[in-house]
K.L.:
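Structure in structure tokens, see below.
What you see is a predicted model, and the numbers here were worked out from it, not measured in a lab.
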Amino acid sequence: MKYKNIKEGIFISRPNRFIAYCEVDGKKEICHVKNTGRCKELLIPGAKVLLEKSDNEKRKTPFDLVSVYKGERLINMDSMAPNKVFGEYVSEGKFIEAVQKIKPEYTYGNSRIDFYIEAGEKKILAEVKGVTLEIDNAVYFPDAPTERGVKHIDELIKAKEEGFEVYVIFVTQMKGVRFFSPNRNTHPEFAHKLIEAKNKGVNIKCYECEVSIGEVNIIGEVPIIL
């Protein structure tokens, strides 16, 4: 996926989860944060960030905060990016061959699962989770407790029992990490549920992304340690 009208900035503060103040061309600007997660390890005063300028000149927040540098590593933190890049990955035939149908936001049970995919005789459900938390060159999910995430995994276990091929897809919004693991310290229930899902036949995959100034794309798989 591609961005347009990218500007560099310096992060100043985040008064709430929806907005941040950044310095752009020497001026303090209000920006929409495209991630409602905590991201405390990323959004620190003085951090170099990338902003997408809105085409709507009347918008109260003229910029969207989409990426941040953590040292030399550029991390995309746009919460919409994982679904977009995975959707492109599926459309290009890189996830599974002979894809005939892709339906985003598929209603199953009491949940909306991110993707329903048909490929030959296969009927596939895939739930996508974006990963931005990096510690010592490894990545973890979630960065905050997610009861919604646990609910989605329960739905996928049920779907597997009913004959679907099911996946939990973790999209690491950065490049060059050693492995992915569930974040037991933050949400042990999610970690336990993920192991239960794997034991019941749910496929778990993690992909890394090439993140550049104006583009994000899946480039390969990341080892998983449960």
Side-chain angles (χ1 to χ4, degrees), residues 11 14 16-18 20 32-44 47 65-68 70 73-87 89 104-106 108-115 125-160 166-200 202-209 211 216 218 221-226:
F11 177 78
R14 187 183 187 182
N16 62 53
R17 59 184 181 151
F18 300 107
H32 171 60
V33 180
K34 298 192 76 172
N35 189 318
T36 57
R38 294 175 180 174
C39 302
K40 290 182 177 180
E41 79 286 353
L42 298 177
L43 296 180
I44 57 177
L65 198 165
V66 295
S67 299
V68 58
K70 185 180 181 184
R73 174 178 277 143
L74 181 58
I75 299 175
N76 177 277
M77 54 175 290
D78 177 358
S79 61
M80 298 177 67
N83 280 38
K84 289 182 179 179
V85 297
F86 181 70
Y89 195 70
E105 295 293 318
Y106 181 77
Y108 177 82
N110 295 316
S111 296
R112 281 186 177 270
I113 304 300
D114 288 322
F115 289 94
L125 294 180
E127 179 66 16
V128 179
K129 306 294 183 187
V131 184
T132 61
L133 177 60
E134 179 267 333
I135 303 172
D136 295 331
N137 212 31
V139 285
Y140 301 87
F141 181 92
D143 69 350
T146 172
E147 295 302 330
R148 183 170 177 266
V150 172
K151 176 187 172 186
H152 282 151
I153 295 177
D154 275 329
E155 295 282 18
L156 290 175
I157 291 172
K158 181 181 176 183
K160 172 63 179 175
V166 294
Y167 290 81
V168 180
I169 304 291
F170 294 97
V171 175
T172 299
Q173 293 168 254
M174 65 194 82
K175 180 183 177 182
V177 298
R178 295 182 294 127
F179 64 85
F180 164 85
S181 279
N183 192 348
R184 287 175 173 79
N185 292 333
T186 295
H187 198 179
E189 183 185 2
F190 180 86
H192 296 153
K193 186 61 67 175
L194 199 61
I195 292 171
E196 177 188 344
K198 182 173 177 59
N199 291 338
K200 291 185 176 180
V202 174
N203 298 288
I204 302 169
K205 288 185 175 289
C206 183
Y207 296 98
E208 68 176 343
C209 291
V211 181
V216 183
I218 290 175
E221 291 195 48
V222 173
I224 296 172
I225 299 175
L226 295 181

K.L.:
Considering all heavy atoms of both residues, which atom of Val150 and which atom of Phe190 are nearest to each other, and what is their separation?
P.N.:
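Closest heavy-atom pair between Val150 and Phe190: CG2-CA, 3.9 Å.
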K.L.:
Please determine whether side-chain contact (heavy atoms from CB on, under 4.5 Å) holds for the pair Thr36 and Ser79, giving the CA-CA distance in whole Å, both sets of side-chain angles, and the decisive distance to 0.1 Å.
P.N.:
CA-CA 8 Å; Thr36 57; Ser79 61; over 6 Å; no
K.L.:
Any idea which heavy atoms bring Asn137 and Gly176 closest together, and the distance?
P.N.:
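Smallest interatomic distance, heavy atoms only, reads OD1-O, 3.3 Å.
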K.L.:
Could you list the residues that satisfy ring-ring contact (aromatic ring centres under 6.0 Å, His included) with Phe170, not counting sequence neighbours?
P.N.:
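With sequence neighbours excluded, Phe170 shows a ring-ring contact (aromatic ring centres under 6.0 Å, His included) to Phe141, Phe180, given in chain and number order.
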K.L.:
Identify, with sequence neighbours excluded, every residue that meets side chain to side chain donor-acceptor pair (under 3.5 Å) alongside Glu196.
P.N.:
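Partners of Glu196 by the side chain to side chain donor-acceptor pair (under 3.5 Å) criterion, ordered by chain and then number, come out as Lys193, Lys200.
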K.L.:
My understanding is that only residues two or more places apart in sequence, or in another chain, count here; which of them pass side chain to side chain contact (heavy atoms under 4.5 Å, CB included) with Ala81?
P.N.:
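Applying side chain to side chain contact (heavy atoms under 4.5 Å, CB included) to Ala81 gives Met1, Tyr3, Asn76, Asp78, Gln173.
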K.L.:
Find the distance between CE (Met174) and SG (Cys209) and round it off to the nearest 0.5 Å.
P.N.:
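Those atoms lie 9.5 Å apart.
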K.L.:
Who passes side chain to side chain donor-acceptor pair (under 3.5 Å) against Thr186, sequence neighbours left out?
P.N.:
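Partners of Thr186 by the side chain to side chain donor-acceptor pair (under 3.5 Å) criterion, ordered by chain and then number, come out as Asn183.
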K.L.:
Nearest 0.5 Å please: distance from the CD1 atom of Ile224 over to the NZ atom of Lys205.
P.N.:
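So the gap between those two atoms works out to 7.5 Å.
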K.L.:
Tell me the closest heavy-atom pair linking Pro82 and Gly130, and the distance in Å.
P.N.:
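Heavy atoms only, the tightest pair is CG-CA, 3.5 Å.
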K.L.:
Considering residues at least two apart in sequence or located in another chain, which fulfil the ring-ring contact (aromatic ring centres under 6.0 Å, His included) criterion with Tyr108?
P.N.:
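Once residues adjacent in sequence are excluded, the partners of Tyr108 under the ring-ring contact (aromatic ring centres under 6.0 Å, His included) criterion are Phe164.
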K.L.:
Minimum heavy-atom separation for Thr132 to Glu41, with atom names?
P.N.:
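That closest heavy-atom pairing would be O-OE2, 3.7 Å.
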K.L.:
Under the side chain to side chain contact (heavy atoms under 4.5 Å, CB included) test, which residues partner Ala138, sequence neighbours left out?
P.N.:
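By the side chain to side chain contact (heavy atoms under 4.5 Å, CB included) rule, Ala138 matches Tyr140, Arg178, Phe179.
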K.L.:
Would the distance check show the side chain of Asp143 and the main-chain N or O of Leu133 forming a donor-acceptor pair, the cut-off being under 3.5 Å?
P.N.:
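No; zero donor-acceptor contacts below 3.5 Å.
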K.L.:
Asn16: what forms a side chain to side chain contact (heavy atoms under 4.5 Å, CB included) with it, not counting sequence neighbours?
P.N.:
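In terms of side chain to side chain contact (heavy atoms under 4.5 Å, CB included), with neighbours along the sequence ignored, Asn16 is linked to Phe18, Ile19.
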K.L.:
With Tyr106, which residues qualify under ring-ring contact (aromatic ring centres under 6.0 Å, His included), at least two apart?
P.N.:
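With neighbours one apart ignored, the set is Tyr116.
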K.L.:
Suppose we screen for ring-ring contact (aromatic ring centres under 6.0 Å, His included). Which residues come up paired with Tyr207, at least two apart in sequence or across chains?
P.N.:
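Testing Tyr207 for ring-ring contact (aromatic ring centres under 6.0 Å, His included), a comparison that skips the adjacent residues, returns Tyr89.
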K.L.:
Among all residues two or more places apart in sequence or in another chain, which pass the side chain to side chain contact (heavy atoms under 4.5 Å, CB included) test with Ser111?
P.N.:
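Testing Ser111 for side chain to side chain contact (heavy atoms under 4.5 Å, CB included), a comparison that skips the adjacent residues, returns Ile113, Lys151, His152, Glu155.
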K.L.:
Only pairs at least two apart or in different chains count here, so list each salt bridge (charged side-chain N to carboxylate O under 4.0 Å, His left out) that has a residue in residues 128-138.
P.N.:
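Matches after skipping sequence neighbours: Lys70-Glu134, Arg73-Glu134, Glu127-Lys129.
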K.L.:
Set out, in order, the CA-CA distance, both residues' side-chain angles and the distance that settles side-chain contact (heavy atoms from CB on, under 4.5 Å) for Val211 and Ile75, then state yes or no.
P.N.:
CA-CA 7 Å; Val211 181; Ile75 299 175; over 6 Å; no
K.L.:
Drop me the distance from Ile225's CD1 to Cys206's SG, to the nearest 0.5 angstrom.
P.N.:
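Ile225 atom CD1 to Cys206 atom SG measures 11.0 Å (nearest 0.5 Å).
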K.L.:
In the structure I gave you, are the side-chain heavy atoms of Val85 and Val171 within less than 4.5 Å of one another anywhere?
P.N.:
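Sidechains of Val171 and Val85: in contact.
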K.L.:
I need the minimum non-hydrogen distance between His187 and Pro145, along with the two atoms involved.
P.N.:
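Heavy-atom minimum between the residues: ND1-CA, 3.6 Å.
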K.L.:
Checking side-chain contact (heavy atoms from CB on, under 4.5 Å) for the pair Leu65/Leu43: CA distance, chi angles, key distance, verdict?
P.N.:
CA-CA 10 Å; Leu65 198 165; Leu43 296 180; 4.1 Å; yes
K.L.:
Of all heavy-atom pairs between Ala47 and Leu42, which one has the smallest distance, and what is that distance?
P.N.:
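Answer, listing the atom of Ala47 first, then Leu42: CB-O, 3.8 Å.
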K.L.:
Check this for me: Lys158, atom NZ, are more than 12 non-hydrogen atoms of other residues, nucleotides or ligands nearer than 6.0 Å?
P.N.:
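For Lys158, atom NZ is not crowded (no more than 12 foreign heavy atoms under 6.0 Å).
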K.L.:
Between Asp114 and Glu105, is there a donor-acceptor pair closer than 3.5 Å when you use the side chain of the first and the backbone of the second?
P.N.:
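No; judged by distance alone, with no hydrogens or angles, the pair does not exist.
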K.L.:
Between Val168 and Leu156, does a side-chain contact (heavy atoms from CB on, under 4.5 Å) hold up when you go through it step by step?
P.N.:
CA-CA 8 Å; Val168 180; Leu156 290 175; 3.6 Å; yes
K.L.:
Tell me every residue that passes side chain to side chain donor-acceptor pair (under 3.5 Å) with Lys40, counting only those two or more places apart in sequence or in another chain.
P.N.:
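Lys40: no side chain to side chain donor-acceptor pair (under 3.5 Å) contacts found.
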K.L.:
Evaluate the side-chain proximity of Val33 to Met77: yes if any heavy-atom separation is below 4.5 Å, no if none is.
P.N.:
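Sidechains of Val33 and Met77: in contact.
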